[in-house]
Structures are given as C-alpha cells and as structure tokens.
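Small disclaimer: the values here were computed from a predicted structure and weren't measured.
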Amino acid sequence: ANRTNRLMGGCGAIDFAGSGVVHMTGGIAGLIGAMVVGPREGRFGVSTSFSPLRYSSAFQTLGTMILWFGWYGFNIGSTGSIVGNGGLAAHVFMTTTIGGATGCMATTGIRYF
C-alpha cells in the first residue's frame with residue numbers, strides 16, 4: 001500500500017486492502033436485499049409518511065465503539081507488518097482516527113444543528 005507508481009487510474013489513490021471491492025459488493029448485496037425484503041411492516045403509515053423509530057443511544061454508542069476498535073485491527077493490520085513500516089502504520093492509524101472522529105462530528109452536527 002505504499003507504492004508510488006501504477007496507482008489506481010493515475011489519481012494518486014490506492015485501493016488499500018481491497019476496500020473498493022469489499023464495500024461495493026456489500027453495498028450491492030444490501031441494496032438487492034432491501035429491494036427483496038421491502039420496508040418493515042409499520043415503518044410507513046397509511047399515507048406512506050416517514051415515522052422514525054426510537055433506538056437505544058447506549059447501544060448505538062457501544063456498536064460504534066466496537067466497530068471503530070475493529071477498524072484499528074483491520075486497517076493497521078493490513079499494512080503487512082509494523083517492522084520496517086512504522087511510518088506507514090502510524091499514518092494509517094491517524095487516518096483511521098481522524099476518519100472516525102470526522103464522521104462522529106458530522107453526525108453530531110447534522111443531528112443537533
């Protein structure tokens with residue numbers, strides 16, 4: 001993942017650990033699954049108006065923290081080895097941290113402002 005030539009489409013991006021393939025496959029499978037199953041019963045009223053359901057904020061936070069912890073194991077583990085790649089592993093660690101924190105701040109901003 002630290003190569004500087006033959007990058008994806010010449011745009012300077014590397015498909016780190018096959019993330020493009022993984023997320024595209026999951027997204028397409030999720031879309032097809034949602035189309036097959038359809039909306040949950042009671043999710044929309046007679047007038048098809050949106051009625052949001054309530055969920056536990058504690059479980060949402062716990063799930064987010066578990067997912068974020070897993071990202072560290074996968075993303076930093078995908079560097080191959082930390083021996084000789086300490087700088088790359090540190091960069092991946094910071095990118096993971098900043099990415100998760102930015103998503104948290106964006107969600108909070110959308111929710112409360």
Side-chain angles (χ1 to χ4, degrees):
N2 57 355
R3 133 181 115 201
T4 57
N5 60 356
R6 293 184 356 191
L7 299 175
M8 211 161 89
C11 65
I14 297 174
D15 188 9
F16 191 72
S19 63
V21 174
V22 169
H23 288 95
M24 183 179 67
T25 302
I28 291 171
L31 179 63
I32 292 171
M35 289 170 37
V36 168
V37 172
R40 291 185 302 250
E41 191 172 308
R43 178 71 169 164
F44 296 100
V46 176
S47 64
T48 68
S49 64
F50 178 72
S51 58
L53 302 174
R54 299 288 178 190
Y55 297 102
S56 168
S57 295
F59 284 139
Q60 289 177 347
T61 303
L62 178 63
T64 301
M65 297 308 282
I66 291 169
L67 180 63
W68 201 347
F69 183 74
W71 282 338
Y72 286 113
F74 179 77
N75 291 349
I76 290 108
S78 294
T79 60
S81 72
I82 201 149
V83 177
N85 288 324
L88 176 63
H91 181 76
V92 171
F93 182 86
M94 286 306 302
T95 302
T96 301
T97 303
I98 292 169
T102 302
C104 178
M105 291 188 313
T107 302
T108 301
I110 290 169
R111 173 77 172 113
Y112 292 106
F113 297 111

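The shortest non-hydrogen separation linking W71 to T96 is CB-CG2, 3.9 Å. Taking both residues in full, the closest heavy atoms of Y72 and T97 are given as OH-OG1, 2.7 Å, listed atom of the first, atom of the second, then distance. The minimum heavy-atom distance between T102 and I98, with the atom names listed, is OG1-O, 2.7 Å.
How far CG of L67 is from CG of L62: 11.0 Å, rounded to the nearest 0.5 Å.
Following chains of ILVMFWY side-chain contacts shorter than 4.5 Å, one cannot reach F69 starting from M65, and the two form parts of different hydrophobic clusters. When hydrophobic clusters are built by joining Ile, Leu, Val, Met, Phe, Trp and Tyr residues whose side-chain heavy atoms come closer than 4.5 Å, directly or via intermediates, I32 is grouped together with M24.
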